[in-house]
Student: 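To start, I am sharing the structure in question, which I have written as structure tokens.
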Amino acid sequence: MKVNGKHYRTIWLEEGGSPCVKIIDQRFLPHQFIIEDITNFNQMVVAIKDMHLRGAGLIGVAAAYGIYLAILESAKTDSFDTNLSKLAKELAETRPTAVNLIWAIDRLMAEVAKVNSIGDKIKVAKQTAQLIADEDADSSQSIGIFGVEIIEQISKAKKGDVVNILTHCNAGWLAFADYGTATAPIYEAHKRGIKVHVWVDETRPRNQGASLTAWELLNEGVPHTLIPDNTGGHLMQHGMVDMIITGADRVTSNGDAANKIGTYLKALAAADNKIPFYIAAPSSSFDWTLTDGVKQIPIEQRHPNEVRYISGLSNRKVEEVLICPENTPVANYGFDVTPARLITGIITERGVCSATTESIRSLYPEKF
Ligand code: MRU
């Protein structure tokens, strides 16, 4: 996607010289556009854990480059295999919910295990990480092409009137290598001249909707309105939402979907108001081994200060302010699970399916 007219991906490897993975440091958006250089494994661990980058797809690509950096570092030690396994385990523990992290680590480790020399392992790790980044961008683009058909149908039913879409958190291009998932059909619709308007949930506590999704949509010229998280139900009751599209951090083989905390409540309100609720997610976000999202998907709990403090621009400086008594006990669950029964459909890179095992199997028979 473009920032100030220049095309960027959210992560890329700088070629030539010593290896350097470049990322857009999302902690500073929308106020500052800062590129961070990641030159060693530990910096990548910190970038994922402390959310310099975030979003399921992007976490997966970053983990792939993380393994590449881990291999470069392990190559300098006497015990390559032991060191690499230790670093892979450390990387796997950075963010528990988004399954793309483990998926990418497992894929890199399996590819690397197929070759013998350290030189070949380095080469294969780099190629596979780059392939994962390209595939991530391609799947997002396909999700856009399949998802836009749904928006087009609603637009036709409304005789060309504006289609109002609600989204939660950021499953935009900032959450992937490029294009995004929940936003990809929206960008495609906008490109095709279909009238769309997006209700953007601010998404407490970290406000990825306010700081990232709103910034993306503004950059792309897509009409949108930022709303406090609790507004969606009211809008739905008054016919102001035609559909909901969110991303997912992990989808089970029967179609339950973990996404940013608060998504479940949107799905409940959507069901009550008979509004279609779609999940947009690539196959790298599916956990084929799970069959019950509520019971089986690990839910990340983050630091209480993310809830106690809020950050924003004040006198041109980004500052954090305390919004509650300093030591108030806090619960900070990062994600919740929307059961399959509340999901109208899942938009994947292979097409749209229902949130049922049979329908998911029809798109991905090789996974069952
Ligand atoms: O904690 P985050 O910001 O990494 O959470 C990820 C998300 O932004 C959402 O859950 C998103 O809607 C799905 S990830 C593509």
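All of these numbers come straight from a predicted model, not from anything done at the bench. Counting starts at 1 for both ligands and their atoms, following the listed order.
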Student: Salt-bridged, Asp229 to Arg204, with N to O below 4.0 Å?
Tutor: no
Student: Going by the order shown, which atoms of ligand 1 are within less than 4.0 Å of some heavy atom of Asn170?
Tutor: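 In order of numbering, the contacting atoms are 7 (C), 8 (O), 11 (C).
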Student: Salt bridge between Lys86 and Glu90, side-chain N to carboxylate O under 4.0 Å?
Tutor: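 No, Lys86 and Glu90 are not salt-bridged.
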Student: Flag Gln208 as yes when one of its N or O atoms lies below 3.5 Å from any N or O atom of ligand 1, and as no otherwise.
Tutor: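 Yes, since at least one N or O of Gln208 sits under 3.5 Å from an N or O of ligand 1.
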Student: Kindly compute the distance separating CD (Gln32) from CZ (Arg27), expressed to the nearest 0.5 Å.
Tutor: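 Between Gln32 CD and Arg27 CZ, I get 11.0 Å after rounding to 0.5 Å.
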Student: Quiz question: by atom type and distance under 3.5 Å, do the side chains of Tyr179 and Glu188 form a donor-acceptor pair?
Tutor: no
Student: Does any N or O of ligand 1 fall below 3.5 Å from an N or O anywhere on Gly55, backbone included?
Tutor: yes
Student: Under a 4.0 angstrom heavy-atom cut-off, which atoms of ligand 1 come close to Ala175?
Tutor: 15 (C)
Student: Output the list of atoms in ligand 1 that are nearer than 4.0 Å to some heavy atom of Phe335, sorted by atom number.
Tutor: 1 (O), 5 (O), 10 (O)
Student: Minimum heavy-atom separation for Ser362 and Ser359, please, with both atom names.
Tutor: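 What the structure gives for the nearest pair is OG-O, 2.6 Å.
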Student: Would you say Asn254 and Thr252 are linked by a side-chain donor-acceptor pair, where the criterion is simply a distance under 3.5 Å?
Tutor: yes
Student: Is there a heavy atom of Gly334 sitting under 4.0 angstrom from any atom of ligand 1?
Tutor: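 No.
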Student: Among protein heavy atoms, which sits nearest to atom 12 (O) of ligand 1, and what does the distance come to when rounded to 0.1 Å?
Tutor: Asn259 OD1, 2.8 Å
Student: For ligand 1, which atoms have a heavy atom of Met51 less than 4.0 angstrom away?
Tutor: 1 (O), 2 (P), 3 (O)
Student: Can you tell me which residue and heavy atom of the protein come closest to atom 5 (O) of ligand 1, and the distance to 0.1 Å?
Tutor: Lys260 CE, 3.3 Å
Student: Please state which part of Ala56 comes within less than 4.0 Å of ligand 1, counting heavy atoms only: side chain, backbone, both or neither.
Tutor: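 Both backbone and side chain of Ala56 come within 4.0 Å of ligand 1.
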Student: State whether Arg54 and Asp249 are salt-bridged, where the test is any N-O pair (Lys NZ or Arg NE/NH1/NH2 against Asp/Glu carboxylate O) under 4.0 Å.
Tutor: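 Looking at Asp249 together with Arg54, the answer is no, because their closest N to O distance does not fall below 4.0 Å.
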Student: At under 4.0 Å between heavy atoms, is it the side chain or the backbone of Arg95 that contacts ligand 1, or both, or neither?
Tutor: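 Only the side chain of Arg95 comes within reach of ligand 1.
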Student: What part of Ala182 sits under 4.0 Å from ligand 1 if we count only heavy atoms: the side chain, the backbone, both or neither?
Tutor: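 It is neither part, as no heavy atom is under 4.0 Å.
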Student: Students should be able to answer this: which protein heavy-atom is nearest to atom 8 (O) of ligand 1, and at what distance?
Tutor: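 Checking every protein heavy atom, the shortest distance to atom 8 (O) of ligand 1 gives Arg54 NH2, 2.5 Å.
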Student: Any idea which protein heavy atom is nearest atom 10 (O) of ligand 1, and the distance to it?
Tutor: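 So the nearest neighbour among protein heavy atoms is Asp249 OD1, 2.6 Å.
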Student: If you measure from the Lys or Arg side-chain nitrogens to the Asp or Glu carboxylate oxygens, is any gap between Glu366 and Arg350 under 4.0 Å?
Tutor: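 The answer is yes: the pair qualifies as a salt bridge.
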Student: Would you say the side chain of Ile35 lies within less than 4.5 Å of the side chain of Trp12, judging by non-hydrogen atoms?
Tutor: yes
Student: Numbering the atoms of ligand 1 from 1, which are under 4.0 Å from a heavy atom of Phe176?
Tutor: 15 (C)
Student: Any side-chain donor-acceptor pair under 3.5 Å between Ser284 and Asn100?
Tutor: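 Yes.
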